[in-house]
Amino acid sequence: DVQLQASGGGLVQAGGSLRLSCAASGFTFDDYAIGWFRQAPGKEREGVSCISSSDGSTYYADSVKGRFTISSDNAKNTVYLQMNSLKPEDTAVYYCAAVRYRWVRTVVRGRATVDYWGQGTLVTVSS
């Protein structure tokens, strides 16, 4: 079975940090880029960041650039999202997903076809 297990969410004060993890199994990890998406209450889901496991290239939405860092441990089939300087507007359910490489640059511009979704992990940033 395909699984994308997201974890690491929680409650943090503004200015704090969290690290999300996405553990993948059941598919060939190297054939996909892994993206992080988020959906805040009452808003559409948006692409936050994406990483190509083949060459390590990374992409970020403007709203998180300079604060979030995506990384991949290919030996563990796991992708991380380090979130620093968190703001209340970062509050959302965060999802990881597997996309084909053709979408790796456009995930953060809202254009991607997702092959596999993980379950979400809630991030709440208090002011």
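Bear in mind the structure is a predicted one, so any value in this text is a computation, not a measurement.
Taking all atoms of both residues into account, the shortest heavy-atom contact from Ala97 to Trp117 is CB-CE3, 3.7 Å. Contact between Ala112 and Val107 at its shortest, heavy atoms only, is CB-CG2, 3.7 Å. Summarising the geometry of Leu81 relative to Ser49, their closest heavy-atom pair is CD1-CB, 4.1 Å, with the distance given to 0.1 Å. Heavy atoms only, all atoms of each residue included: Val79 and Ser72 are closest at CG2-OG, 3.9 Å. The heavy-atom pair separating Phe29 from Ala24 by the smallest distance is CD1-CB, 3.8 Å. Listed here is the closest heavy atom pair of Pro88 and Ser127: CG-CB, 3.9 Å.
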### Task
Please report the C-alpha distance between Thr28 and Asp30 in whole Å, then the side-chain angles of each, then the deciding distance to 0.1 Å, and finally whether the side chain to side chain donor-acceptor pair (under 3.5 Å) criterion is met.
CA-CA 6 Å; Thr28 304; Asp30 291 348; over 6 Å; no
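For the side-chain contact (heavy atoms from CB on, under 4.5 Å) test, residues two or more places apart in sequence or in another chain that qualify with Ser126 are Leu11, Gln13. Scored by the ring pair (Phe, Tyr, Trp, His ring centres under 6.0 Å) test, Tyr32 finds Phe27, Tyr116 as partners (sequence neighbours excluded). Remark: Lys87 engages no residue in a salt bridge (Lys or Arg N to Asp or Glu O under 4.0 Å) (not counting sequence neighbours).
Within the structure, the salt bridge (charged side-chain N to carboxylate O under 4.0 Å, His left out) test picks out the following pairs touching residues 104-118 (sequence neighbours left out): Arg100-Asp115. Applying the salt bridge (charged side-chain N to carboxylate O under 4.0 Å, His left out) definition to pairs two or more places apart or across chains, those involving residues 55-72 are Asp62-Lys65, Arg67-Asp90. Counting only residues at least two apart or in different chains, disulfide (SG to SG under 2.5 Å) contacts with residues 15-61 comprise Cys22-Cys96.
Linking Ile, Leu, Val, Met, Phe, Trp and Tyr whenever their side-chain heavy atoms come within less than 4.5 Å puts Tyr95 and Leu122 in one cluster. Linking Ile, Leu, Val, Met, Phe, Trp and Tyr whenever their side-chain heavy atoms come within less than 4.5 Å leaves Val64 and Phe37 in two separate clusters. Val99 is not connected to Val48 by any chain of hydrophobic side-chain contacts under 4.5 Å among Ile, Leu, Val, Met, Phe, Trp and Tyr, and they are in different clusters.
Remark: Ile34 CD1 to Leu4 CG distance equals 5.5 Å, nearest 0.5 Å. For the atom pair OG (Ser52) and CH2 (Trp103), the distance works out to 15.5 Å, reported to the nearest 0.5 Å.
Contact check for Val123 versus Leu18: side-chain heavy atoms found under the 4.5 Å cut-off. Annotation: side chain of Tyr60 is in contact with side chain of Thr69 (closest heavy-atom distance under 4.5 Å). At a threshold of 4.5 Å between non-hydrogen side-chain atoms, the residues Val93 and Thr121 do not count as touching. With a 4.5 Å cut-off on side-chain heavy atoms, Val104 and Ile51 do not count as touching.
Separation of the Phe68 and Trp36 ring centroids does not fall under the 6.0 Å cut-off.
Residues Thr78 and Asp73 bring no donor and acceptor atom of their side chains to less than 3.5 Å of each other. In the model, Asn84 has a side-chain atom that pairs as donor or acceptor with a side-chain atom of Gln82 under 3.5 Å. Donor-acceptor pairing under 3.5 Å is recorded for the side chains of Tyr94 and Arg38. For the residue pair Ser53 / Tyr101, a side-chain donor-acceptor distance below 3.5 Å is found, with atom types taken as modelled.
Other residues, nucleotides and ligands contribute only 12 or fewer heavy atoms inside 6.0 Å of the CD atom of Gln3.
In terms of modelled atom types and a separation under 3.5 Å, the side chain of Gln119 and the main chain of Ala6 share a donor-acceptor contact.
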